[in-house]
Protein chains: 2
Amino acid sequence: MKKQAATEIFESLSSGIRLDIYRLLVRTGPDGMVAGDIAAKLELPATNLSFHLKALTQAGLAAVTQEGRYQRYRANIPLMFELIAYLTDECCSGHPEKCAPSRKPAGSSEDAALLAALGRKRR
Amino acid sequence: MKKQAATEIFESLSSGIRLDIYRLLVRTGPDGMVAGDIAAKLELPATNLSFHLKALTQAGLAAVTQEGRYQRYRANIPLMFELIAYLTDECCSGHPEKCAPSRKPAGSSEDAALLAALGRKRR
DNA sequence: GACATAATTCAATAGTTGTTGTACTATTGA
DNA sequence: TCAATAGTACAACAACTATTGAATTATGTC
């Protein structure tokens, strides 16, 4: 992942509306959702939704396919995992076990599994 | 994690400069880094760095402690894991195995471990 | 106390982002 | 072909963000 791709993703999700859209699409999974239904669900004007969907799509967080006159949008979930890998890749200069002392107590065992899974990537 | 906290985090990392700062702090781990050294490393005017560090700190991505006349900044790494959990929590309406078909081929086994670790959280 | 250093705050300004209404394109169905 | 529906593109404007330089606060040193 390149830096510009990462900032574009973060920028995409820095708006409450776009975060709502993305989370809605994550919830619907591979089924995705048609633009009009998203607009109805989130009570957004079509023109405004279109603006935000464009941002999400350009960042790669959503993909769109045409179905007749409808546009179906789906979340790109793997991209989120690439993103966090990009962020934690060089964690503690390659000694991620050092991160542990600075971690919060809550959910530490689950976090350890997560950290281990991440540690297996690109190292 | 509340929605506003999430958007604040994304907003924080939507700037290339703040992303550089955060990644630098992730790399230095628990040792963190003093403001002046960050400025030198990233070749930023002190006033501009201060602006960005404030944003990162307010979002909770960095923590600051005083050391004499120096300010030492450290990355809050666990917060990133909370963030991704927040995003993927309701993945496929509670059937995250459905995400698999839409995933990219690269690194799929590591991703499965990661997904499993995430699935163990708050469910 | 006087001075140097580390860092932040503030004001000004250039640039960017989000929202709305209007206009446009494409598909469906009578 | 004509009208209705789904969605996007564009222009205008308000609101926000980033950068810079000057001033300020706090700590350490002579």
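A quick note: this is a predicted structure, and the numbers were derived from the prediction, not measured. We use all heavy atoms of the structure for the numbers below, so side chains are in, but hydrogens, waters and symmetry mates are not.
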In whole angstrom, give the distance that lies between atom [atom1] of [X] and atom [atom2] of [N].
X     : N      : atom1 : atom2 : value
A:D20 : C:dG18 : CG    : C1'   : 15 Å
B:L53 : C:dA6  : CG    : P     : 16 Å
B:L44 : C:dA7  : CG    : P     : 13 Å
A:L56 : C:dT17 : CG    : P     : 14 Å
A:R72 : C:dT27 : CZ    : C1'   : 16 Å
B:K54 : D:dT25 : NZ    : P     : 16 Å
B:Y70 : D:dT25 : OH    : C1'   : 17 Å
A:N48 : D:dG7  : CG    : P     : 15 Å

Geometric cation-pi criterion, B:R23 with A:Y86: 6.0 Å, 45°: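 That pair qualifies as a cation-pi contact.
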
Pair A:T28-A:R74, side-chain donor/acceptor within less than 3.5 Å: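 A:T28 vs A:R74: no donor-acceptor pair found between side chains.
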
Counting only side-chain nitrogens and oxygens, does [X] get under 4.0 Å of the OP1 or OP2 atom of [N]?
X     : N      : answer
B:R18 : D:dA18 : yes
A:H52 : C:dT17 : no
A:Y73 : D:dT8  : yes
A:Q66 : C:dT27 : yes

Stepwise salt bridge (charged side-chain N to carboxylate O under 4.0 Å, His left out) test for A:D20 and B:K3: CA-CA 9 Å; A:D20 284 342; B:K3 178 172 142 188; 2.8 Å; yes

B:N76 side chain vs B:G60 backbone, donor-acceptor pair below 3.5 Å: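 Confirmed, B:N76 side chain pairs with B:G60 backbone.
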
Under 3.5 Å: donor-acceptor pair, side chain of B:S50, backbone of B:A46: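 Pair absent, no side-chain N/O of B:S50 close to backbone of B:A46.
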
Nearest-nucleotide comparison on DNA chain C, the residue closer to the 5′ end among A:S14 and A:G68: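 Nearer the 5' end of the strand: A:S14.
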
Sugar-phosphate, base or nothing in reach of B:A35, heavy atoms under 4.0 Å: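 The answer is sugar-phosphate, as B:A35 gets under 4.0 Å only of primed atoms, P, OP1 or OP2.
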
Sugar-phosphate, base or nothing in reach of A:L49, heavy atoms under 4.0 Å: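 No contact.
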
Under 3.5 Å donor-acceptor pair, A:T47 side-chain atoms to C:dG21 base atoms: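 For A:T47, whose side chain was compared with the base of C:dG21, there is a donor-acceptor pair (under 3.5 Å).
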
Candidate nucleotides [options], ranked by approach to the side chain of [X] - the nearest:
X     : options               : value
B:S15 : D:dT8, D:dA18, C:dT17 : D:dA18
A:V34 : D:dT20, C:dG18, D:dG7 : D:dG7
B:Q71 : D:dA18, C:dT8, D:dA6  : C:dT8
B:E11 : D:dT17, D:dA4, C:dT8  : D:dT17

Base paired to C:dG29 (Watson-Crick or G-U; both N/O distances under 3.5 angstrom):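 Answer to the pairing question: D:dC2, which forms a Watson-Crick or G-U pair with C:dG29.
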
For A:L49 against A:A35, the heavy-atom pair lying closest together: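 The answer is CD2-O, 3.2 Å.
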
